[in-house]
Amino acid sequence: MPATLDGQITMEKTPSYFFTAGVPARVAAMSSDVRLLVVVRDPVTRALSDYAQTASKRVSTPAFEGLAFPEGGGGVNASWGAVRLGLYARYLSAWLEHFPLERLLFVSGERLVADPAGEMGRVQDFLDLKRIVTEKHFYFNETKGFPCLKKSEGSGAPHCLGKTKGRVHPELSKESEQRLRDFYRPHNQRFYQMTNQDFGWP
């Protein structure tokens with residue numbers, strides 16, 4: 001990380017850090033005072049989004065259900081990355097070996113879409129920042145289905161998610177969705193207990 005002067009905050013965002021072995025120890029060795037933001041969303045939605053991203057780059061990608069459910073079995077393929085990365089409690093355990101829970105803020109991906117100003121208020125409070133980003137800085141983009149950020153009050157072009165965001169997810173049968181939800185339920189409950197936060201995932 002670059003040197004940070006008094007009055008500055010240095011930030012770095014790499015989603016894979018949460019899942020990558022060895023990173024919690026490396027971050028703790030760099031700074032035990034670091035504050036960590038973890039944005040999470042419904043693991044079923046996350047798996048579908050992961051798949052949609054992969055399928056957009058590889059036309060020959062097999063169907064989601066063929067990858068998620070082993071042939072001939074009633075289980076879920078937990079070794080497939082799109083499914084495995086939604087087991088948040090597993091990865092959080094490694095971080096809690098190096099950081100107290102109060103050093104981590106868990107941001108709800110669903111609430112970030114539904115109430116971006118509210119979630120950003122929580123982030124600003126967590127970072128001991130004055131609440132500058134408020135509801136005045138957002139508007140909802142119906143086409144994308146996500147909020148856009150106005151760069152400053154009254155300024156021209158807002159910043160919206162790029163063309164690689166908001167992809168159409170594959171449709172799942174009700175049975176397949178239920179299989180995934182049943183698989184994730186105990187992992188979600190453990191994650192809720194570890195974070196003292198109920199994300200309300202179905």
Inset, instruction - Evaluate side chain to side chain contact (heavy atoms under 4.5 Å, CB included) for Arg185 paired with Asn188, printing each intermediate quantity in order. - result: CA-CA 5 Å; Arg185 188 170 295 110; Asn188 291 346; 5.6 Å; no

Inset, instruction - Evaluate the criterion ring pair (Phe, Tyr, Trp, His ring centres under 6.0 Å) for residue pair Phe106 and Tyr88; output intermediate values, then yes/no. - result: CA-CA 11 Å; Phe106 298 90; Tyr88 303 132; 9.4 Å; no

Inset, instruction - Under the side chain to side chain contact (heavy atoms under 4.5 Å, CB included) rule, what do Phe146 and Leu112 come out as? Steps first, then yes or no, please. - result: CA-CA 9 Å; Phe146 288 101; Leu112 200 53; over 6 Å; no

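Tyr192 and Gly200 make their closest contact through OH-N, 3.4 Å (heavy atoms, listed as atom of the first residue, atom of the second, distance). The shortest heavy-atom contact between Arg111 and Ser108 is N-OG, 3.0 Å. Nearest approach of Tyr184 to Val44, heavy atoms of both residues: CD1-CG2, 3.8 Å. Here the closest heavy-atom approach between residue Leu37 and residue Met11 is recorded as CD1-CE, 4.1 Å. Arg131 and Asp125 get closest at one heavy-atom pair: NH2-OD2, 2.5 Å. When all heavy atoms of Ala47 and Ala82 are compared, the closest pair comes out as CB-O, 3.3 Å.
Side-chain heavy atoms closer than 4.5 Å link hydrophobic residues (I, L, V, M, F, W, Y) into clusters, and following such links, even through other members, never connects Val113 to Tyr139. Ile132 and Leu149 fall into different hydrophobic clusters, where Ile, Leu, Val, Met, Phe, Trp and Tyr side chains are chained together by heavy-atom contacts under 4.5 Å.
Between Leu96 and Leu104 there is a side-chain heavy-atom pair separated by less than 4.5 Å. At a threshold of 4.5 Å between non-hydrogen side-chain atoms, the residues Leu36 and Phe18 do not count as touching. Within the 4.5 Å cutoff, side-chain heavy atoms of Leu48 are placed close to those of Pro170. No side-chain heavy atom of Val27 sits under 4.5 Å from any side-chain heavy atom of Tyr17. Counting only heavy atoms from C-beta outward, the side chains of Arg46 and Ser49 never approach each other to under 4.5 Å. Side-chain contact between Met194 and Ser93 is present, with heavy atoms from C-beta onward closer than 4.5 Å. At least one side-chain heavy atom of Ser173 sits under 4.5 Å from a side-chain heavy atom of Glu65. In this structure, Phe138 and Val133 have side chains that are in contact, with non-hydrogen atoms separated by less than 4.5 Å.
With rounding to the nearest 0.5 Å, the separation of CZ in Arg35 from CZ in Phe99 is 12.5 Å. From Lys174, atom NZ reaches atom CG of Leu172 across 11.0 Å, with rounding to the nearest 0.5 Å.
No donor-acceptor contact under 3.5 angstrom links the side chains of Asp33 and Ser31, judged on distance only. Side-chain atoms of Thr10 and Gln8 form no donor-acceptor pair, as typed in the model, at a separation below 3.5 Å.
With respect to Arg122 and Glu119, a salt bridge is recorded, a charged nitrogen being found less than 4.0 Å from a carboxylate O.
No side-chain donor-acceptor contact under 3.5 Å links Arg41 to the backbone of Glu110. Checked by atom type and distance alone, the side chain of Gln124 pairs as donor or acceptor with a backbone atom of Met120 at under 3.5 Å. Remark: side-chain polar atoms of Thr195 are paired, donor with acceptor, to backbone N or O of Phe191 under 3.5 angstrom. Not a single donor-acceptor pair under 3.5 Å links the side chain of Thr20 to the backbone N or O of Val23.
If you run side-chain contact (heavy atoms from CB on, under 4.5 Å) between Phe69 and each of Leu180, Asn77, Val83, only Leu180 comes through.
With a 6.0 Å radius and a threshold of 12 heavy atoms from other residues, nucleotides or ligands, Glu175 has its CD atom at or below the threshold.
Residues satisfying the ring-ring contact (aromatic ring centres under 6.0 Å, His included) test with Tyr51, not counting sequence neighbours, are Phe64.
In this pair, Phe183 and His187 present their aromatic rings tilted. The plane angle is within the 30 to 60° band.
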